[in-house]
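One-based numbering, in listed order, for ligands and for the atoms of each.
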Amino acid sequence: MAGETAEVWWLATDSLGAGDWPELEALLDEAERARAARFHFERDRLSYVAAHALGRRLLSARAGGEPSAWAFTVGPHGKPEVRDAPRLRLNLSHTRGLAAAVLAEEHDVGIDVEWLGRPAAGPELAPRFFAPTECDILALAPPERAEETFLAFWTLKEAYIKAIGLGLAQPLDSFAFTLEPLSISFAPGIADNPARWHFARFRPTPAHLMALALRHPAPHTVTTAVTEADMALLCAQPGRMSRR
Ligand SMILES: CC(C)(COP(=O)(O)OP(=O)(O)OC[C@H]1O[C@@H](n2cnc3c(N)ncnc32)[C@H](O)[C@@H]1OP(=O)(O)O)[C@@H](O)C(=O)NCCC(=O)NCCS
């Protein structure tokens, strides 16, 4: 079976200048621009704009067409899917200072990014959200690494619930990760198979963690291509390939 490459683009929003934002907003559709305008905090607006620009530009790089022309349907738990090219599977994530998008073909995919500078609350929150085995691993982390370890689990758990599209409708303690080696297990009664998942963890900047989840019949054949996007990439003219 042919392997699959999950393509990830990420962008540190602090790297952009004031003049770049109108160009990125021009890649969005009207509804996204209206939503962007409603954010209370500028930093949230910028990471939203960056994530949606990344996703649209990534789709156009793969399949051609104008970035702003892509349309999406929304699943029962809020997961957007590409309307006119359902083979293409896109997922977005944004946090303070960073946005990311992943594109795969056919297979469920999810991505999550988190900012390491957020107020440290992880170890206290873990018993509410995590599986007991994850809490045990977290309890063994040295204090100075506890928050980062918590966010390593958090990004993986979010990437998984985003890949399956259920979001928080999936109980967060119904599945458990180990970090080394990176693996998932499911509580009894959960109809999923660890042998059908590819997971990956990244540190795109010193201040951010990123995790990826991809469901695949042969996960060992999956590769991930990670690209730090810049304005040249984001605003390049899309190719002339027609949409699939
Ligand atoms: C979908 C969800 C999991 C993601 O929330 P999040 O981490 O706050 O946000 P992210 O930036 O990573 O992802 C948001 C994007 O995911 C996509 N998305 C929305 N619902 C989704 C779903 N059910 N499945 C997959 N993707 C979804 C959208 O593109 C969304 O972008 P938009 O808000 O700009 O339109 C959400 O259900 C949520 O509210 N999470 C709360 C966080 C939490 O308590 N996590 C505990 C983890 S241990």
Side-chain angles (χ1 to χ4, degrees), residues 8-11 13 24-25 27-41 43-56 58-59 70-83 88-104 107-115 118 121-135 137-138 147-177 179 184 199 202 204 208-215:
V8 176
W9 285 9
W10 62 269
L11 183 66
T13 55
L24 292 188
E25 276 192 308
L27 301 176
L28 274 46
D29 72 8
E30 211 168 298
E32 287 169 326
R33 283 196 288 270
R35 186 170 164 204
R38 291 196 297 272
F39 278 97
H40 185 67
F41 293 109
R43 58 173 184 259
D44 296 333
R45 190 175 73 80
L46 298 182
S47 55
Y48 171 89
V49 168
H52 288 256
L54 281 171
R56 288 175 171 280
L58 190 47
L59 284 168
W70 292 100
F72 300 88
T73 58
V74 177
H77 297 281
K79 185 174 187 180
E81 297 287 358
V82 182
R83 194 187 67 191
L88 298 180
R89 310 293 302 282
L90 182 75
N91 199 233
L92 309 179
S93 185
H94 40 94
T95 188
R96 170 94 66 99
L98 196 88
V102 60
L103 182 65
H107 304 295
D108 292 338
V109 70
I111 194 163
D112 190 58
V113 292
E114 297 292 342
W115 178 52
R118 60 183 227 154
E124 294 78 59
L125 286 175
R128 268 176 55 201
F129 290 114
F130 286 5
T133 53
E134 293 170 328
C135 293
I137 296 170
L138 189 55
E147 183 66 15
E148 185 180 330
T149 306
F150 171 81
L151 286 176
F153 281 117
W154 179 290
T155 50
L156 285 163
K157 290 175 91 66
E158 289 258 330
Y160 172 74
I161 62 176
K162 293 176 74 181
I164 62 175
L166 288 179
L168 293 175
Q170 174 76 19
L172 291 168
D173 60 357
S174 66
F175 60 100
F177 281 95
L179 299 179
I184 194 169
F199 297 103
F202 306 94
H208 296 93
L209 296 186
M210 178 164 79
L212 170 79
L214 178 78
R215 193 203 299 271

Which atom pairs, donor and acceptor, lie under 3.5 Å between side-chain atoms of residues 72-79 and protein residues at least two apart or in another chain?
{"residue": "Lys79", "atom": "NZ", "partner": "Val109", "partner atom": "O", "Å": "3.3"}
{"residue": "Lys79", "atom": "NZ", "partner": "Lys162", "partner atom": "O", "Å": "3.1"}
{"residue": "Lys79", "atom": "NZ", "partner": "Ala163", "partner atom": "O", "Å": "2.9"}

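Using a 4.0 Å cut-off between a side-chain N of Lys or Arg and a carboxylate O of Asp or Glu, Arg56 and Glu32 qualify as a salt bridge.
A cation-pi arrangement is present between Arg118 and Trp154 under the rule of less than 6.0 angstrom and at most 45 degrees off the ring axis.
In terms of the ring pair (Phe, Tyr, Trp, His ring centres under 6.0 Å) criterion, residue partners of Phe175 (sequence neighbours excluded) are, by chain and number, Tyr160. For Phe177, the ring pair (Phe, Tyr, Trp, His ring centres under 6.0 Å) criterion is met by Phe199, not counting sequence neighbours.
Here the two rings, on Phe129 and Phe153, have centers that are 6.0 Å apart or farther.
Every protein residue with a heavy atom nearer than 4.0 Å to ligand 1 is included here: Arg35, Tyr48, His52, His77, Gly78, Lys79, Pro80, Asn91, Leu92, Ser93, His94, Asp112, Phe130, Trp154, Glu158, Ile161, Lys162, Gly165, Gly167, Leu168, Leu172.
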